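First the structure, in the form of structure tokens, and then the observations on it.
Just so it is clear, the model here is predicted, and its values are computed rather than measured. By convention in this document, chain letters (A, B, ...) are assigned in the order of the sequence lines, proteins followed by strands, and residues within each chain are numbered from 1.
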Amino acid sequence: MAESNQSLARRSDHAKSNKLAKKLQDVPVIDVDVHTSFRNEGIQRDMLEYLDEPYRTQLEYNLRPDTSSYDGMYPTDTWDRDMSGKLPTELMQVTDPVEDIEEVLSNEFHVDYPIVNHLPEFNSIPQTDKAVNLNRAANEVMVDRFLEGHDNFSGLATVVPQDPEAAVEEIERVAQHDQIVGILLNTSGVGTPLGDPEYDPIYRAAEDNDLPMVYHGAAAADLAIDFPILQYELNSYFANHSLAHIFSQLLTLTSLIENGVPEKFPDLDFVFQEAGVAWVSLVYRLNRDYKERRSEVPLLKKPPEDYVRDQFYFLTQPLEEPNNAQHLQQHIEMWADNLMFGTDHPHFDIDNTEVLMRHLESLSEEKRNKILYGNAAEVFDIEVNL
Amino acid sequence: MGDDSPDEQPSWWKQNEQLRAELDLPTYDAPVFTDETYVHEVVSALEEEYRCDIQFADPTPGADNDWEIRVNGRPVRTVRRWRDSEANTVFEMTSQEFRETITEVFDD
Amino acid sequence: MSTKKQDLSLAENEHIVAQEDELADGDRIVVLLNGREVGVFNVNGEYKAYTNWCAHQGGPLCEGPVTGTVEADFDRDSLEVELDWCRDGEVLNCPWHGWEYDITSGQCLSDSDVKLRSFPVRVEQGNVIVST
């Protein structure tokens, strides 16, 4: 049930008929990062039936109009994200798959196959049982509300890393659903970095069930666990948001490599969302340090870059903006085989598909199509009509 | 800078260049003294003059950078060795000092 | 000891680098031969000779610490990693950036594309002779 505050402008037919739009009409497009408005009341109410007590009562209490919303449920912070209305960061509420996803994304962004996720923030909930419960309910609602009956939709289920055993159970459970195509981990607020051996059961379960791992950071309250200085000592959300996503992903990737996770689980793929493409140059430094300290990480049989090129993928959004656009071009070309397209709908910093196309023009059609749908179709096992 | 034209280069020069190129390393230059004269030129001349064998060797690699100058197999003096920015060898003495070292051996 | 004994009739590219008893198992020496430094090792009773240039940036690799190294095995069922300290006395670590080489074969452990060329070494009348 969408609210009426749609601030996405509808494009004129003239605008829709530009040559890049024409190219995209013939190509299937998979959008690897579509968010629901998880904290929307409608979605939260749907969760109630899937929650055990006392969490069901807790959530019900928090949804009453006379309580301050979500105190005791979900973390908040004091950054002025929307700049008091100058920069609305959520373009719309996403609560209905047809009105809020299908119609918007396919009409405006040529998306044919959205992959949806909630990106909830459960990492900082101290009571692990509560986090596990809320998470399970969230996954149930994902299937019920957004996936079933919408054949071109896929979804990412989340697991909470605090309880690897429960995460394994959840993976086994959600793997039953055809439309669940990956396991999402919120990388902000994990404490122990996500490559640590304590998470090996999660990776083994994902590999056993043919589900890729997906990593998404958040410039939000949970970040304080890993990077308290970012959350409490910086002076602007400009700085916090710029660093939060890449700090979390730099740490996650390094941790996966140092612990040999891609070597331990060679059939597992790792997909990174919402950090752009430039940070991946970390890998060159990892190569050098690896050659200097190989015997400290003896599980690795190849340099870090080899694992990353073989098993890791990166969403292009949000595309970086060097002064010289050619420089972005070069980054894209360096990593073209490992890129995937995602809008990050409904967040305002969407990369328009056509804008992305302009940057992909120097690539061959084959490479371009891998980014628009080929890599995602293979990694997430999505059947695409050509 | 010691400068051997290709005709004057000893037969092993090309092999050393090739070994360097195989590993993608900086350009080869033969070992020099601190006054930038080539070690092999000074050594050849002295070997002929005194009809002897002169060798540079480090019998304790890794302990320090002190090498031995050996005449007919016998160590006569130590000399420090280091590598320049192109990984080429420099012995820390002038060619004059080296000549004096060898001469002293035979002037007893 | 002369480096060119008449009764050995050495070729132009052959050099005596040491006496056999000076290079016992575990010993090494670096010598300037034909314009380049060559490290000669006695490893497990066998002589090996390598140019003293690391494949990384040309560092004096033959002078680095000789140690062992670590290898690891992962058991997917138990999720356990077993560490194994091995090749003791057979691993050469370049003193500049720590690249590892297996002295017995010249194989670089830090970069599997690199293998050092080793030069022939023989013993005659108690002399250790290297061909460059």
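Looking at C/Leu23, neither its backbone nor its side chain comes within 4.5 Å of chain B, counting heavy atoms on both sides. Interface remark: B/Arg20 contributes backbone and side-chain atoms alike to the contact with chain C (heavy atom separation under 4.5 Å). Only the side chain of B/Leu25 comes within contact range of chain C, with at least one heavy atom under 4.5 Å from a heavy atom of that chain. Looking at B/Glu22, the atoms closer than 4.5 Å to chain C (heavy atoms on both sides) all sit in the side chain, from C-beta outward. Neither the backbone nor the side chain of B/Glu68 comes within less than 4.5 Å of any heavy atom of chain C.
Minimum interatomic distance between B/Arg70 and C/Val17 (heavy atoms only, all atoms of both residues): NH1-O, 4.0 Å. Between C/Ile29 and B/Pro59, the shortest heavy-atom contact is CG1-CA, 3.9 Å.
Close approach to chain B, defined as a heavy atom under 4.5 Å from one of its heavy atoms, is seen in C/Trp96 of residues 74-110 of chain C, taken by number. Heavy-atom proximity under 4.5 angstrom to chain B picks out C/Thr51, C/Asn52, C/Trp53, C/Cys54, C/Ala55, C/His56 from residues 42-56 of chain C. For residues 60-69 of chain C, a heavy-atom distance under 4.5 Å to chain B picks out C/Pro60, C/Cys62, C/Glu63, given by residue number.
A donor-acceptor distance shorter than 3.5 angstrom exists from the side chain of B/Asn16 to the backbone of C/Asn34, with no hydrogens or angles considered. Side-chain atoms of B/Tyr28 never come within 3.5 Å of backbone atoms of C/Arg36 as a donor-acceptor pair (strictly under, hydrogens ignored).
Per-residue counts of heavy-atom pairs under 4.5 Å with chain B were compared for C/Gly58, C/Gly39, C/Gly35; the largest is that of C/Gly35. In terms of heavy-atom pairs under 4.5 angstrom with chain C, the leader among B/Ala30, B/Pro31, B/Pro26 is B/Pro31.
Residues passing the side-chain contact (heavy atoms from CB on, under 4.5 Å) test with B/Arg80, sequence neighbours excluded: B/Asn65, B/Asp66, B/Glu92.
A 4.5 Å side-chain heavy-atom check between C/Asn13 and B/Trp12 finds every atom pair outside the cut-off. At a threshold of 4.5 Å between non-hydrogen side-chain atoms, the residues B/Gln55 and C/Leu32 do not count as touching.
In summary, B/Arg83 and C/Glu37 engage in a salt bridge, as defined by a charged side-chain N under 4.0 Å from a carboxylate O.
Taken from CG in B/Asp58 to CZ in C/Arg28, the straight-line distance is 9.0 Å, to the nearest 0.5 Å.
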